[in-house]
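Structure, as structure tokens:
A note on names: the letters A, B, ... follow the listed sequences, proteins ahead of strands, and every chain is numbered from 1. As the structure is a computational prediction, the values presented were derived from the model and not from experiment.
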Amino acid sequence: MLPKAYEPQEVEQKLAEKWQNSKLFAAKADKTKKPFVIVIPPPNITGALHMGHALNNTLQDVLIRTHRMFGEDSFWVPGTDHGGIATQNVIEKKLAKEQHKSRHDLGREEFVKTVWNWYDECGNAIFNQFRKMGWALDLSDIRFTMDEKRAQAVYECFRQWWEKKYIYRGKRLINWCVRCSTALSDIEVEHEQHAGKLWHLRYKGEDGSEGIVIATTRPETIFADAAIAVNPNDKRYTHMVGQKVIIPLANRAIPIIADEAVEMEFGTGALKITPAHDATDYEVGKRHNLPVMTVINDKGKMVNCPEKYLGMDRELCRKETVKDLESAGLLVKEEKYMNNVSTCYRCHQPIEPFMSEQWFVKMDQLAAPAIAAAESGELQFHPASWKTPFVNWLKNLQDWCISRQIWWGHRIPVWYCRQCSAKGLTFATDQQGKEQLTKVSFEDGATPIVSYHQPEKCPHCGGHDLVQDPDVLDTWFSSSLWPISVFGWPEKTEDLNYFYPTSTLVTGYEILYLWVARMVMTGLDFTGKLPFKDVYLNGIVRDKSGQKMSKSKGNVIDPLDMTAKYGTDAVRFSLLMQAVPGKDIPYAEESITGARNFCNKLYNASRFILMNMEGINGPLSMPKQVTELADQWILDRYANAVKTAREGIEKYNLALTANTLYHFLWGDFCDWYVELAKQRFQTDEKEHVMALCVNILYGTLKALHPLIPFVTEEIAASLKPYVGVSETFLLNQPYPEFDRTLCNEEAVRKMNIVQGITREIRTIRSQFNVPPGLKIAAVITAKTEEELATVKAYESYIKLMAKVEDLTITANADKPKQTATAMFENTAIYVPLTGLIDFEKERKRLEKDLAAAKANIVSRQARLSQENFLKHAPAEQIQKTKDELAAAQAAVAQITASLEDLA
RNA sequence: GGGCAGUUGGCGCAGUGGUAGCGCGUCCGCCUCACACGCGGAAGGUCACAGGUUCGAACCCUGUACUGCCCACCA
């Protein structure tokens with residue numbers, strides 16, 4: 001005998017291995033079939049899986065599995081991402097913790113080797129977790145953004161864009177992370193509200209006058225001031241424009257200029273312009289031809305400033321400057337201020353705007369086709385509300401800074417001749433005594449040679465002393481090529497031809513710009529085709545109170561802990577029940593228990609049906625024709641559940657699919673059909689009923705399999721002999737089709753009457769504490785032909801489900817004495833309960849029902865007396881209202897009689 | 001500053017024109033021979049607010065408030 005409760009752990013382990021070993025998830029590359037392809041958002045090799053991965057991958061898994069069952073050649077392409085800065089940070093922390101070493105202690109080569117070792121370790125761990133989760137990825141064929149093929153793709157992209165002049169080198173004010181010591185692109189910068197201060201500083205006039213007062217959050221940058229700016233329309237300052245003032249503590253004169261960028265209302269209306277350390281100021285400086293002077297270096301230390309502050313950290317210098325300004329009497333005011341601080345998306349330290357020569361990609365030509373694709377609707381977003389932000393982002397795109405001053409990543413495929421480029425190259429000796437190229441300046445004459453491998457010789461002088469650019473590419477550079485690189489681009493492979501473009505991209509909205517937009521641009525640029533036509537944006541898994549999960553908040557739920565405790569299916573199903581496109585999911589352990597209970601319900605229902613299979617040999621096919629109400633009804637429910645489940649998948653509304661199947665299985669199949677079937681098991685109808693049970697259950701298992709693959713596969717294995725299936729895996733069987741011929745509205749209507757009357761009797765039983773085992777008598781007086789006929793025909797259902805022994809059915813009986821009364825539509829239900837009735841309780845109950853019925857009469861009558869309603873509303877609606885009025889009137893009459901009876 | 005979501009019973013959410021559903025929780029009764037991870041029943045909501053469209057609005061339109069997110073060079 002099977003255990004009472006479903007124990008997922010062993011089952012899942014066993015099946016996960018079986019699936020992988022059978023290569024069940026390998027795409028067949030069957031050219032006769034339509035491919036359905038999803039490329040996985042490759043997880044960074046930074047550590048363990050979190051709930052976000054669980055959600056994102058489960059959604060993809062459901063799509064992959066359903067489309068496979070739809071008969072398509074579905075292929076989910078697995079891989080990982082090297083994760084640039086993120087991974088380098090993880091390894092640096094690890095080194096510091098375990099060996100008290102920095103990456104500089106190891107040197108570049110050794111450090112990179114260390115990360116590769118980490119990749120072996122962590123990559124494996126990730127795929128083991130994938131296997132455990134049962135995700136339909138063929139793990140025998142995986143990709144990595146830094147493996148040889150993907151590196152070739154990166155190089156080819158760089159080369160082509162260099163030739164097209166999309167890639168260029170430029171000196172700009174870029175976002176510099178002092179902690180990570182690298183440049184960042186604009187979207188890698190996050191904006192956080194920090195409690196800071198706003199200082200009002202006086203810049204005295206060159207002529208000794210009072211000068212002007214400005215407001216700043218960054219007093220340490222005054223040494224780099226190039227001007228003071230005011231709004232041209234600001235009458236307070238018009239007379240001062242053109243005059244010169246003295247920078248405090250620096251004693252340098254700068255002009256007062258007028259520029260539209262200055263907000264008159266903010267601070268004092270006067271703004272210090274520091275082109276080298278602020279993006280706005282940089283633009284103003286350009287307009288006014290101001291000199292750019294740097295006072296903070298790449299380490300965040302002060303340079304080019306009065307000696308006192310030289311070498312000081314920027315933070316400390318801020319404090320010191322304020323102190324000294326105060327002593328000098330030039331600090332006019334200090335106020336608290338909520339500052340919008342730019343921070344690094346990886347380490348969350350404040351970003352320093354920094355003048356630097358970097359590699360950029362020109363975006364306008366790349367963006368244009370992407371904008372067109374989104375605007376035309378060729379590219380679809382789910383939910384669609386992301387289209388506008390997507391397009392707007394592309395329209396306001398700045399050039400993409402792609403060089404990073406870190407060690408882990410694709411090295412820029414550019415070389416320099418030490419002879420020809422000598423002036424533009426700066427070398428330093430590292431801690432291992434090796435000479436390293438640290439800085440490249442095209443402005444000073446470095447000449448690039450674009451090449452994947454080290455060129456044999458310099459094309460200019462024939463020299464052999466060539467060095468590679470020290471920078472690596474933005475990690476998103478290789479990610480943006482992912483949909484083509486996974487299939488072997490730039491080679492014209494068969495895979496690329498067959499599987500590209502892919503079908504759907506499933507990812508979080510937080511990387512829509514960082515990743516999705518760029519894949520669209522590169523895909524269109526290199527292939528002329530969109531990499532995917534549907535973008536399904538999933539929400540973020542949050543904690544129960546809607547907070548983002550984070551280690552520091554201690555509210556993280558580990559998906560692996562949860563799968564160990566409740567089973568993978570339970571975790572998957574709990575997420576799917578809430579998976580509405582674009583919506584965040586509040587998540588708590590309690591969310592999982594419901595899903596776990598469902599898996600158990602499914603298991604037990606199956607167990608029950610299997611138990612009743614005893615004595616039945618061979619497969620039972622689905623009966624072609626059914627005449628019994630319960631059979632007609634359950635087939636209608638089943639057909640509709642399948643229909644809605646499929647709709648949910650097509651509309652990317654997996655919550656709809658999950659909920660529909662949940663309620664069909666539990667509410668319709670178990671609570672009513674199987675309960676009714678129990679009595680038929682004792683008759684010669686048994687085989688017929690079993691045929692329906694087992695086939696409907698098997699169909700439901702197939703419909704559920706993409707959502708909860710383990711428990712369904714496990715059950716299906718036992719059920720197969722009874723439905724005549726020889727195929728081992730559910731995944732290779734067709735997804736249930738909606739069968740219109742099974743729909744039967746009349747059966748649903750009749751069953752609804754049976755259920756309604758049953759519930760009324762059960763309520764009476766419960767209200768008057770009738771012992772569950774006690775069979776009772778009941779009198780049903782049906783006032784309409786339909787109800788009367790139905791009750792008469794299916795009195796056995798009511799007797800069974802409501803535990804009624806003696807059922808009297810009449811068209812018009814007087815209310816028996818000493819009974820409880822209930823109404824269902826036009827039918828009165830009397831339950832004689834001599835000695836059991838609490839008259840006071842019954843009176844209260846009846847009065848409540850009476851009030852409700854009276855309210856119904858009033859509202860229906862009001863509606864029916866409106867001429868406009870009768871004129872405009874559809875006939876069907878008018879009839880419905882009339883029926884409701886009649887039912888309410890019948891109820892009032894009946895209940896009133898009952899109340900009189902009680903008195 | 002711009003944009004996008006959301007506001008439905010104690011909690012978390014479904015529901016796109018015919019006056020409300022689900023899960024959890026609560027309360028009552030049940031170990032009824034598949035399942036107590038269960039069965040039956042009950043209580044609980046003027047669908048944020050104000051206008052408008054409509055015979056009819058949780059649902060469509062306008063505005064307001066609050067919450068969250070994204071974008072943006074008010075230092």
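For A/A605, whose side chain is taken as the heavy atoms from C-beta onward, the closest listed nucleotide among B/G29, B/A34, B/A75 is B/A34. Side chain of A/H872, nearest nucleotide from B/C30, B/A34, B/C55: B/C55. Residue A/H663 places its side chain closer to B/G23 than to any other of B/U19, B/G41, B/G23. Taking the side chain of A/K4 as heavy atoms from C-beta on, and the options B/A36, B/G41, B/C73, the nearest nucleotide is B/A36. The nucleotide whose nearest atom lies closest to any side-chain atom of A/P874 is, among B/A75, B/G18, B/C28, B/G18. Closest to the side chain of A/F266, out of B/A75, B/G18, B/C35, is B/A75. Here the nucleotide nearest the side chain of A/N339, chosen from B/C28, B/C37, B/A75, is B/A75. Relative to the side chain of A/N604, the nucleotides B/A34, B/C55, B/G12 differ in distance, and B/A34 lies closest.
Within 4.0 Å (heavy atoms only), A/C670 reaches at least one base atom of the nucleic acid. At a threshold of 4.0 angstrom between heavy atoms, the contacts of A/Y513 are confined to the sugar-phosphate backbone, with no base atom among them. In this structure, A/D671 reaches the sugar-phosphate backbone alone: every heavy-atom distance under 4.0 Å involves primed, P, OP1 or OP2 atoms, never a base. Within 4.0 Å (heavy atoms only), A/R762 reaches sugar-phosphate atoms of the nucleic acid but no base atom. Using a 4.0 Å heavy-atom cutoff across all strands shown, A/E283 reaches no nucleic acid atom at all. Residue contacts shown for A/P586 are limited to sugar-phosphate atoms, with no base heavy atom under 4.0 Å away. At a threshold of 4.0 angstrom between heavy atoms, the contacts of A/S606 with the nucleic acid are absent. Using a 4.0 Å heavy-atom cutoff across all strands shown, A/R765 reaches no nucleic acid atom at all. Nucleic acid contact class of A/P383 (heavy atoms, under 4.0 Å, all strands): none. Residue A/K601 is in base contact, counting any heavy-atom pair closer than 4.0 Å across all strands shown. At the heavy-atom level, A/Q398 lies nowhere under 4.0 Å from the strands shown. Contact annotation for A/W666: backbone-only contact, meaning every heavy-atom pair under 4.0 Å involves sugar-phosphate atoms and none involves a base.
Taking atom P in both B/A5 and B/A42, the straight-line distance is 39 Å, to the nearest Å. Of the C1' atoms belonging to B/U64 and B/G12, the separation is 27 Å, rounded to the nearest Å. Comparing the P positions of B/C69 and B/G29 gives a spacing of 46 Å, expressed to the nearest Å. Using atom C1' as the reference point in both B/C47 and B/A57, the two lie 11 Å apart (nearest Å). Between the P atoms of B/G45 and B/A20, the separation comes to 13 Å (whole Å). Comparing B/C49 with B/G1, their P atoms sit 27 Å apart, to the nearest whole Å. The same atom, C1', is picked in B/U26 and in B/A43; the two are 9 Å apart, to the nearest Å. As rounded to the nearest Å, B/U8 and B/G52 have P atoms that lie 24 Å from one another.
Pairing for B/G63 goes to B/C49, judged as Watson-Crick or G-U wobble with the two contacts each under 3.5 Å. Remark: B/C73 base-pairs with no nucleotide in the shown strands. Criterion, Watson-Crick or G-U wobble with two distances under 3.5 Å. Here B/C4 sits opposite B/G68 as a Watson-Crick or G-U wobble pair (both hydrogen-bonding atom distances under 3.5 Å). Using Watson-Crick or G-U wobble geometry with both donor-acceptor distances under 3.5 Å, B/G44 finds no partner in any strand shown. Partner assigned to B/G29 is B/C39, using Watson-Crick or G-U wobble distances below 3.5 angstrom. The pairing partner recorded for B/C22 is B/G12, the criterion being a Watson-Crick or G-U wobble arrangement whose two distances lie under 3.5 angstrom. Across every strand in view, B/A58 sits unpaired, with no contact that passes the Watson-Crick or G-U test at under 3.5 angstrom.
Between A/R218 atom CZ and B/C73 atom P there is a gap of 16 Å when expressed in whole angstrom units. Straight-line distance from the NZ atom of A/K548 to the C1' atom of B/U67: 16 Å, rounded to whole Å. A/E590 places its CD atom 12 Å from the P atom of B/U26, with the value rounded to the nearest Å.
Ring-centre distance between A/W386 and A/F381: not below the 6.0 Å cut-off.
Between A/K544 and B/G12, a side-chain N or O to OP1/OP2 separation shorter than 4.0 Å is absent. Contact between the side-chain N/O atoms of A/Y337 and the OP1/OP2 oxygens of B/C74 is not found at any separation under 4.0 Å. Between B/A43 and A/K848, a contact under 4.0 Å exists linking OP1 or OP2 to a side-chain N or O. OP1 or OP2 of B/U32 has not a single side-chain nitrogen or oxygen of A/K678 nearer than 4.0 Å. In this structure, A/N597 reaches the B/G38 phosphate: one of its side-chain N or O atoms is under 4.0 Å from OP1 or OP2. Taking side-chain N and O atoms only, A/K583 has a distance below 4.0 Å to OP1 or OP2 of B/A14. Taking 4.0 angstrom as the limit, A/T763 places a side-chain polar atom (N or O) nearer than this to OP1 or OP2 of B/A42.
Where A/I585 and A/V674 meet RNA chain B, the nucleotide closest to each residue was compared, and A/I585 sits on the side nearer the 5' end. When each of A/P772 and A/N653 is assigned the nucleotide of RNA chain B with its nearest heavy atom, A/N653 is the one assigned upstream, toward the 5' end.
Relative ring orientation between A/Y513 and A/W393 is described as parallel, the plane-to-plane angle staying below 30° on a 0-90° scale split at 30° and 60°. Taking the six-membered ring where the residue is Trp, A/Y673 and A/F669 present parallel rings, their angle staying beneath 30° rather than reaching 60°. Ring-plane geometry between A/F598 and A/F573 is classed as parallel, the angle between the planes falling under 30 degrees on a 0 to 90 degree scale with a further cut at 60.
A salt bridge does not link A/E805 to A/K799: none of the charged nitrogens lies less than 4.0 Å from a carboxylate oxygen. Taking the charged nitrogens against the carboxylate oxygens, A/R860 and A/E884 do have a contact shorter than 4.0 Å, which makes a salt bridge. A salt bridge does not link A/E375 to A/K387: none of the charged side-chain nitrogens sits closer than 4.0 Å to a carboxylate oxygen.
Within the cation-pi definition used here (under 6.0 Å to the ring centroid, within 45° of the axis), A/R518 qualifies as a partner of A/W400. Figure legend: cation-pi geometry between A/K678 and A/F608, with NZ or CZ positioned under 6.0 Å from the six-membered ring centre and within 45° of its axis.
Here the CG-OG1 distance, from A/D225 to A/T274, works out to 4.0 Å after rounding to the nearest 0.5 Å.
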